[in-house]
Structure formats: C-alpha cells, structure tokens
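First up is the structure itself, then whatever we jot down about it.
In this chain, residues are counted from 1 in sequence order. Every number for a ligand or one of its atoms is a count from 1 in the order of the listing.
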Amino acid sequence: MRDAQPRTIFLKEYRPPDYLIEHTDLHFDLFDEYTIVTAQLTYRLSESGEVNAPMVLHGSELELEYLAINGIELEESRFAIRDEMLQISDVPERGRIESRVRIKPQDNTSLEGLYRSRGLFCTQCEAEGFRKITWFPDRPDVMSVYRVTIDASANDCPELLSNGNLVHQQELPDGRHRAVWEDPFPKPSYLFALVAGTLSRVEDEFVTMSGRRVRLVILVEEKDLDKCAHAMDSLKRSMKWDEERFGREYDLDVFHIVAVDDFNMGAMENKSLNVFNTSCVLASPETTTDQGYQRVEAVVAHEYFHNWSGNRVTCRDWFQLSLKEGFTVFRDAEFSSDMGSRALKRVEDAGIMRTMQFAEDAGPMAHPIRPDSFIEISNFYTLTVYEKGAEVVRMYHTLLGEEIFRKGSDLYFDRHDGQAVTCDDFVSAMEDASGMDFSHFKLWYSQAGTPELTVKDHWDESAHTYALEFEQHTPPTPGQASKQPLLIPLAMGLLGAEGNLPLNLGVGGEARVSDDQLEAVLMIDQESQRFEFEGVSERPIPSLLRGFSAPIRIEHAYSRDELAALASRDADGFVRWDAMQQLLVSVLDELQATAAEDQGQSRSQRDNPWTLDVNLAGAFTLVAEDRSQDPAIRAETLRLPSESYLTELASHRGGAHPHAIRESRNALRTALASALSATWETLYAEHQVSDLYAATGEQIGRRSLANLSLAYFSAAHEQGVDLAIEQYRRADNLSNRLAALRIVLHEGSDEQAADLLNDFYERFGGEALALNHWFQVQAERTRGDPISRVQALMEHPAYDAANPNKIRALVGGFANLNTAGFHREDGAGYRLLGAVIEELNERNPQIASRLLTPLTRWRFYPVLGEVMRAELDRLAALPSLSRDVYEVVNKSLAG
Ligand code: TRP
Ligand code: ZN
C-alpha cells in the first residue's frame, strides 16, 4: 500500500508552487482492459518560483510509458520517482511537458481517480485523486485551463462528458468515437471530471438574471429516469436563490449532474459536471423517504453553490478546506431554511452538531476547522470542517447582520474571483466590508474543542436588577493542552410570567439589543464575565443560546419547572426544543440513578414505584396539544434524545454505559407512551395525510408527528402493531412504510417482522436505494442476535461489499445505531466491525477509515473501552495499513 511510514504534512510548511500550468491538454483512450492518458502541460515559472527549481509532479499507481519536455523524451536519469512524486531537474523556465500513462479503471476499487461504477467510467478527484489519472502538480493552488479529448467505443460509451463546453465530436475507426471539451475557467485539478458510458438524460433550462440560457442536464440509468424531477426542481430553485440571496449567477451554458451508484461521499462539485451518489439525486415517493427528499434538495444546492464558493474562488491548500466547505454548508443551510422552516432546520443542525461534532471534538481526531497538520487529507472531510465551519460562518452573520454580511461576501467573491485563497482572506473581506476587527474571533479557526459556558444568575429583588455571570472554558484536545477564551456571540432573552421581558442592559460587556428589545446578543470574550439588566421586576428565566447562536455547550442549573416553562412558552424555537431535551435528560439521569440503586436491592424492594415527572408530563402534553405550532417542530420536541446524544453527554460527564443508557431510555419511552396514550392516538389520527404524496414541509411535518405518535402508542399498546401493519400495507410512500416496519421490528412478533421484511424485499428487490433501508433496519434491530443477522446479510446476494451505500447501511447502521449489538460485552460487535475494516483497508481506504469512527470513541466507555481498544490494537498491527486507516487508528491509540 505504501512505501514508508506515512508522513505528516504541516500547514506551516506551505510553499507556493514554483511552476504554474497555464494549459492542460488531456487525451483519454478508454478501453475495457486499460486506459491510456496522454497529458500535455504548458507550464511557466511562477512569480515567486525559484529559477532552476525541480519540477514536481504527483502520481499514484500510474504506469509511465513516455515522458518528454518540449518534444524531447527524457532519459531515466533526468527524473526520479519517489513517494508518489516525480521530480525533473534542469527544466527551462517555460515549456511543455508531455506524458503518457496506462491505468486500469476497472481494477480501481478505491473510487478515487478514474474508476468504473456499474460499467460507467467516472472520476472523483477531490482531494488528491487526480494523481491517480496522470502526472500533475495535484495541489489546488495550481489552476489551469483544460482541454479534454475522450475516445471510446461508440456502442459502450455513447455519452462522453467532461468539464465546460463540447467543442468537437467525430466518428473514429473501429466503432469508436471522440468528444472534445474545453473549460474556459482555470481550475485546480481536483475539479476535473470525466464521465463515459450509457446514460439517459432529463433536460431543462434556466435563464439567469442577466438572460443567459443554461441547459440543465441530469444523466442517470434509464430505469431511473422517473426519479429526477425533484433534483431538477431543486437545481432550478438553487440557481434562483443564489442570484437573489448572494447575487451569484451561473457562468457556463450547460450544467450536468451525473448519478453514479458507487461513490464515497454524497456528491462532487466538478465544474459544470457534478457527479452525485445516486442517493443524493434520485427521488420517488415509493423508494425515497421524506428525509431522502430533503437530502437531495440540500446536496443539489450544496454542489451548485460551490460553483462560486469553491470553484470560482477556491482553496490555496487543503488546510483551508473549511473556506469552501464551511461557507457552502452555511449557504445550503440558509437555502433549506428559506425553502422550508427556519426553526426546524436550526433544531436539526444543532442536533447534528451536539451529537456528532461535539463527539469528534472530544475524541482523538479533534482538530480545528482549519487543521494545522494531517497525514491523509481524506480524513479531514469531517463534521468539524463542514458543520462547525458553517457555524463559524453563521457567527459572522450573527455579528454583522444580513446586509453587512452580504457586503462581505460580495467583496470576497469580487476580490478573489479566479484565485486560490485562505481562510484569512475570507476574514479580511468580512473585516473590510464591516470595519470590524475579527482578530480575536479568528481563534475559532485554530483552536479545537467545544467551548463550555457555565452560567449563573442573580436577581436583586429590591434593586430590580438581574445579572448573568459567565465562565468559559475549552477542554484540552490532542496537541492543544491549554486554550484561550473565544469570542462567543450569545443570543438570549429573559422569560417572565407573561412572556419575554424587555432588555435594558446595565453594566457589563458589549452587546447588541434587537429593536423590539426582546433579544440581545452578548459578546462573551473573556474567561469570566458579568452582564447586568435593569428594571427587572420579577425573577426571569434566562433563555440562552437562542437559535444555537454559537457551537458551544451551555450549562445552567435550571429547575425542572423552569425547563418546562421554557419548553412551552419561550419565544425561540431552538430554546423550546433544547429545554425539553434538558428536561428529558434530567429525568433519564434520575432513572439511571434509580436503576443503579435497585441493583443492590432484593426483588421485593425493587419495584420502586417510579413515577413520571409531572413537569415533563405537563410540558409534553402542552407541546403535543399546541395546535398553533408546526407539527414538524412538535415532533422534534417530543422525540427522545438519541442514544448517541446521550452517550456523548454521559461521556462528557465522566463515562458512558451504553446498556444503562438504552434501558433507561426504553423505560422512559414506555412511561411516556402510557401516560400520554390517548394523546398519541389522537395525534396519529389527526395527522394523517390524505393528499397525494408530496415532499412539502407541511406533509413531511404531518408524517413525522403521526409516525412518532404511532411509535409511542405502540410502545404501550399491542394494537399499535396492528395499526403499523395496516399502515405498512396501505402506504403510498417510503417514509410511512419504513416507519411502520421499524415499529413492527421493535414491538411486533418475529413472524410479523419476517412477513413485512419479505414483503419489502419482494417489492424493492430491484431498487438499490430502497433496499439499503431494508439492510439498515435489520442492522439496527436489537432483538434476536444482531451479530449473526448482520453477518448473514453480508452474504446476501443483494449485498455488495464494494458499494459504499450498502456498507454504510448495513455495517454503519449496525456500528452506529445498534448499541446493544455493537457494544456486546464479549466484544463480538467490535470484532465484526474490525473484520470489515480490515478487508476495506485495501479495497477502499476512505470508507474503511470512516467506518472506524465508533471505535475511536473507546475512551468514552469506562467498562467496555478496553475491549474496543483491543480491536484497534489488532488493526494497528496489520502489515499494510493504508494512510487513511493508519492515521485514525494510531491517533486513536495515542496518548
Ligand atoms: N467537495 C465534496 C462536497 O463537499 C466532497 C467530496 C465528494 C469528497 N467526494 C469526495 C471528499 C471524495 C473526499 C473524497 O460536496
Ligand atoms: Zn462541499
């Protein structure tokens, strides 16, 4: 796999390139047994380049057949190949390098570079896949204009696509044909794309704000032609939205989206030739869930938005990845908010941050949004870079307001159009547009870890003042033992008996108060700080971190009745949701404490009559019956915190016991199910959708609340299972069908479960994407013996150990969602995952490394941690680890 010990790359070692490639001319000869790639690179010394510096080209697994400069073939003594780099000494200051290599796309299982997916030739070059195609300075600060010639069999590959415009087509001898593409925009190699094969097209048109007609083409397998409408509609709405919200217009005459089955991530923003995982393009009511529809919309938008935030303005080096990803995730989140419900989107994103990104920040791979070193860059396409990066961009928006933020983004795009830049350049644009000084704020780029803000309050009854005292602290992360205080914009309000109180700020730090005086953003920038409010004549309940205004943990000793009040009455949607989560967590803690006490007692003492907390029952009833609120938000508020979130919280507070978490959560579920049983039944009936399926916010919200209600109801009543079976049978959409199936797998008999699973398989045997859900629900199921079930499914004819979507559904579903099976005390769950990773280490290192995530958390588990660690030790000792797996395994074991 590799020649030597993997090397660490450091940001501080960045040097601009000595040579620029002004023009890149590629010729592909595609055959079934091999592909020949001929490259002609027109280069010149860069402004900062050192005269006589060696020319450095990257390449990996290339069979070099020919290498020449200015038409003269190079003797072997003139160049050296080492560590995936080819160095040529004594090159002229400008000239043309020509190379010819032979590659084998059909044997490329890594899904990086040029590979085949169900016969289709396609590419994935980000981050460093282009070097698996040809010798090239494969770094994003080398931007070049491409001309691409593709020759292939006309029969097997009627479609020949690359970036930019089609400039020439011709028939060739031997049943072959040719297409030539030119992309006028200089681009880094990671944005190169080629697709060749048999595909069917859906076409549409978009007229841009300046009147340019753009042809929109989605290319899929013929059987999927009826599943493209939602992606096309999402694309058109994205194009319109980017013009209106960001003033960004599309810049070519054609935009392609190609769907491929085997893809390591969601999608890729290659200039005018986006390549997508089928799971992020195709949508039909029968085969796609509501969440699936929302994901298609978000990913289509995300990749489209990259045309400006990523392609027109790109990254200087991979340490700056969040420059394009954080910004683009912010942009797609704003798009989704404008298309649907802002409060709901915020709650969902805060949930992802707190469950998954906080866990990453607390684990061995913790890194700042701009990492300062890496071994394998693919390991840094993380929740931190993407989601926390987007939260950092959102904080500028909160600090500056929409209008000035927009001025900053306009300035950034204008100033850096056509350049490869850094996060510092983004900050400078925001500073120059606003006149603000972001030097303190910039610590968010270099400091890893989740800041914790502890809040104490004090109400002075006679002076009518109310004070909030903040202490901030960020725990150490690998390589960063001590942390500095950050600038945290804390949006807040004060809840009184009759609603939110007007805010009159007295002494304290800097703050911005809204026009209606009901909300303030406090600028917290010191280790400890105090803000005082005047004219407060009743004791208020603080409503903190409104809208999740910063990616931090916040700690305040609320009483349960305060939480219940916030959950049912606060003005902010995020705070209402969060208050209910805190209330649920507090009750779950109590349940776990009681269970632990019971352990030491005799049976008769044990039926300790635990009663459901009145505050929780009351708040649940209020929210459930508050018909003025959006059903989608009500569903999120009434949903129990996930086991993953509870695990993250518990480990933060000293250690997680997965079985105790699961048992207490199940107990609370049953208690809420019986206590509100009539409510669940009514909600279920009230939120049925009778209209034809549509993925509208309204319908999605109704289904979400109905299905949550049915799940609760079934936890207390056997009839629930019958209702679920009936819903399964009459469902006209995958959300309802799958929700019903999950209930039956959880609460029904083995026979009922087997019946529906067979039915599902027969219905969707030929629909790969729907079938992924079939694998996943079985992987998640805790009943029976999940380990043998997963092992048997890995042998199922419909399973495909080379397809990332299948691996994520079955193995990922098991390791991340089936806590009972994965954390089996004898370690069988860990060994199952380890065996899959071992096999994937060679086949597909990116996926192998991603699957490792649950094992990297071994330190979260005081009891099982050592057993998890044993599996990591075993992997660490394997003879030929890929760089990807090597980095994650070794960092997890270190320290
Ligand atoms: N730039 C892509 C995105 O965010 C990410 C991506 C797609 C990727 N495929 C990849 C990253 C493969 C690493 C490897 O949309
Ligand atoms: Zn992206």
Say whether [X] and [Y], considering side chains only, have a donor N or O and an acceptor N or O under 3.5 Å apart.
X      : Y      : value
Asn844 : Asn264 : yes
Thr382 : His367 : yes
Tyr190 : Thr314 : yes
Glu303 : Asn274 : no

Closest to the Zn ion (ligand 2), which N/O/S atom of Glu325 is it? OE1
Given the side-chain rings of Tyr396 and Phe426, with only the six-membered ring counted for Trp, is the space between their centroids under 6.0 Å? yes
May I ask you to check whether Phe327 and Phe413 place their ring centers less than 6.0 Å from one another?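 Aromatic pair counts; centres sit under 6.0 Å.
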For ligand 1, find each of its N or O atoms that sits under 3.5 Å from a protein N or O atom, and tabulate the pairs with distances to one decimal place.
from: ligand 1; atom 1: 1 (N); to: Glu126; atom 2: OE1; distance (Å): 2.5
from: ligand 1; atom 1: 1 (N); to: Glu269; atom 2: OE1; distance (Å): 2.7
from: ligand 1; atom 1: 1 (N); to: Glu269; atom 2: OE2; distance (Å): 3.4
from: ligand 1; atom 1: 1 (N); to: Lys324; atom 2: NZ; distance (Å): 3.4
from: ligand 1; atom 1: 1 (N); to: Glu325; atom 2: OE2; distance (Å): 3.1
from: ligand 1; atom 1: 4 (O); to: His302; atom 2: NE2; distance (Å): 3.4
from: ligand 1; atom 1: 4 (O); to: Glu325; atom 2: OE1; distance (Å): 3.2
from: ligand 1; atom 1: 4 (O); to: Glu325; atom 2: OE2; distance (Å): 3.1
from: ligand 1; atom 1: 4 (O); to: Tyr386; atom 2: OH; distance (Å): 2.6
from: ligand 1; atom 1: 9 (N); to: Gln124; atom 2: NE2; distance (Å): 3.2
from: ligand 1; atom 1: 15 (O); to: Ala267; atom 2: O; distance (Å): 3.2
from: ligand 1; atom 1: 15 (O); to: Glu303; atom 2: OE1; distance (Å): 3.0
from: ligand 1; atom 1: 15 (O); to: Glu303; atom 2: OE2; distance (Å): 2.6

